[in-house]
Amino acid sequence: MLAPLASRHFRRNSDRSAELRLEKISKRFGGLKVFQDVSFTLPPGDVLGIIGPNGAGKTTLINIICGNLAPTTGRILLQDVDITGKSIHMLSRRGLVRTFQQTNAFARATVRDSVARAFRFSGNSANGTDVTSLLRRFDLLDRLDEPTGMLPYGQQKMLGLLLAYATRPKVLLLDEPAAGLEARERSRIDDFVHHARRAFGCAILIVEHDMDLIRRLCPRILVLDGGRVLAEGAPQDVLSRQDVIEAYLGGSDETATVPC
Amino acid sequence: MDSLLAAVIIGVSLGGQYALLALGFTLIFGILGVVNFAHGGLYVLGGYVAQAAVSKLAIPYPVAVLAAALATGAVGYAFERFVLERRIDDHLATLMLTLGLYLMLSTGILVTFGAESVQFAFPVTGAIRGNGYYIPLENLIVLATCLLAIGAVYLLLFRTDFGRASRALADHRAVATAQGMRPHQLFPLAFALASGLAGLTGALVTPILSLAPHVGDPVLATSFLVVILGGLGSIGGATVAAFLVGLIEAFSGVYLGGSKGALALFIIVLVMLVVRPSGLLGRETRGA
């Protein structure tokens with residue numbers, strides 16, 4: 001039944017892990033400085049969480065990494081190759097793939113056609129990329145021939161993740177994957193991240209407000225605030241820092257903690 | 001009974017022409033997100049290219065029709081690639097640019113060929129006559145060519161990678177590009193296809209109707225009407241709506257006549273849109 005969902009393309013590059021490095025990335029919109037000198041390294045197979053208050057520039061950062069926006073200054077390197085300013089479709093074919101805060105599935109296509117598109121056009125897709133188990137976990141296996149626009153929101157969102165997975169990314173950028181999901185649906189994000197890492201060992205960057213999710217999935221986090229990197233390190237260390245708590249809550253209430 | 005048959009024949013014939021025009025119009029809207037005000041101008045250009053090829057170069061009419069489709073396709077490709085592409089995400093700018101193309105085309109044609117209608121006769125005459133019906137051969141040939149072209153467009157859109165990628169971009173451009181689809185390679189080709197369809201229709205239909213610089217205006221209006229009725233950006237909707245509009249126009253023309261017929265068409269379409277605002281096959285999706 002799932003034969004059409006198996007990719008017919010051979011993978012271009014057998015190495016599915018890659019290092020993503022940002023060097024002193026700055027972005028201005030006219031006179032507005034979004035961030036300044038943001039640098040970090042995402043090693044192959046690692047998971048990095050990026051947190052910060054609303055307006056900290058988290059989504060703008062993803063837009064810059066994936067090629068939707070060009071940085072004002074700085075360099076982005078994928079496996080030591082400078083990819084700064086390359087277009088989103090070119091980077092996608094090199095294995096740097098993003099998802100979106102809102103649902104990112106093709107509303108008019110069926111689930112089956114959507115997956116087939118991801119296989120066919122990514123250029124990174126590989127023989128034997130098996131999406132069946134993810135389809136089953138996301139309860140999509142029985143809905144292959146339904147238009148994705150008619151699926152419940154949570155399933156549309158999970159299908160968006162699955163489509164990114166079907167391209168066999170080297171580096172996956174997840175923009176608020178849990179936003180809009182019910183609490184019981186959020187464990188599927190965990191399933192997805194573990195599955196993607198097991199399958200290709202890809203590096204994953206997660207921008208998210210759900211601190212429980214960040215704690216569970218990210219051995220390392222980075223806090224963006226006011227256009228700079230406020231803190232970086234293990235979640236238990238970073239989230240207990242007073243300056244991080246203040247950045248989130250906008251005050252120095254001694255009893256405050258980062259929202260969970 | 002005779003007038004019923006006549007109305008059906010006229011309606012289907014008109015429907016084929018409208019479908020070819022509306023497919024191009026809805027493709028550009030669906031894939032590029034652009035309302036192409038130059039669509040009627042490209043129709044007229046196709047008519048003049050075919051007419052010039054036949055009258056000045058003595059090229060056989062079928063070859064002239066093909067040349068018209070290719071020439072308008074090339075104009076569309078160059079316009080998208082070198083002009084529209086630079087401002088493709090600015091909806092107001094694309095409106096102005098396509099309007100500008102229309103003005104340039106119509107003025108260029110006016111200056112080159114003059115304001116008067118030019119002689120451009122369909123090379124095949126005669127009709128099939130029977131008991132109570134009369135079908136001009138030229139209408140049958142145009143209808144058959146339109147149906148062939150519509151079939152070819154469907155094959156292109158649903159059976160080739162170009163079509164699959166174009167439909168994916170029409171569905172969700174951000175997701176499609178994030179998955180590796182290349183809009184800047186596909187957009188000029190899509191615009192060329194749509195322009196070529198407008199030119200093809202112009203080359204086929206103007207010998208039956210008339211060929212003058214202004215004949216593109218009602219073509220643009222009809223394309224708008226069909227595409228909105230079918231559901232903006234819907235390929236199937238545009239095809240169904242084209243034949244529906246053709247039949248309504250023919251029936252209201254035959255039974256009501258003249259201006260009453262035209263009025264009836266717009267009233268019927270208005271009622272349909274009140275009942276189904278997203279168009280006949282326009283899809284509503286489930287949000288958050």
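So that the names make sense, note that chain A is the first sequence line, chain B the second, and so on, each numbered from 1. In this text the structure is predicted, and so the values were computed from the model without any measurement.
Between A/Arg93 and B/Arg182, the closest side-chain pair of non-hydrogen atoms falls below 4.5 Å. Residues B/Arg167 and A/Arg117 form a side-chain contact, since some pair of their non-hydrogen atoms from C-beta on lies under 4.5 Å apart.
Note that OG of A/Ser87 and NE2 of B/His184 are 7.0 Å apart. Values are rounded to the nearest 0.5 Å.
Heavy atoms of other residues, nucleotides or ligands lying less than 6.0 angstrom from CZ of A/Arg186 number more than 12. Within a 6.0 Å radius of CZ in B/Phe266, no more than 12 heavy atoms belonging to other residues, nucleotides or ligands are found. Within 6.0 Å of NZ in A/Lys86 there are 12 or fewer heavy atoms belonging to other residues, nucleotides or ligands.
Of the charged side-chain nitrogens involved, none lies within less than 4.0 Å of a carboxylate oxygen, so that B/Arg164 and A/Asp113 do not count as a salt-bridged pair.
There is no contact between B/Ala170 and chain A, counting heavy-atom distances below 4.5 Å. Residue A/Phe106 touches chain B through both its backbone and its side chain, counting heavy-atom pairs closer than 4.5 Å.
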TODO: Could you check A/Leu163 against B/Gln179 for side chain to side chain contact (heavy atoms under 4.5 Å, CB included), going step by step and ending with a plain yes or no?
DONE: CA-CA 8 Å; A/Leu163 295 182; B/Gln179 290 181 3; 3.1 Å; yes
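The two residues B/Leu232 and A/Arg108 make their nearest non-hydrogen contact at O-NH2, 3.5 Å. Shown here for B/Thr177 and A/Ser92, the closest heavy-atom pair between the two residues is O-CB, 4.1 Å.
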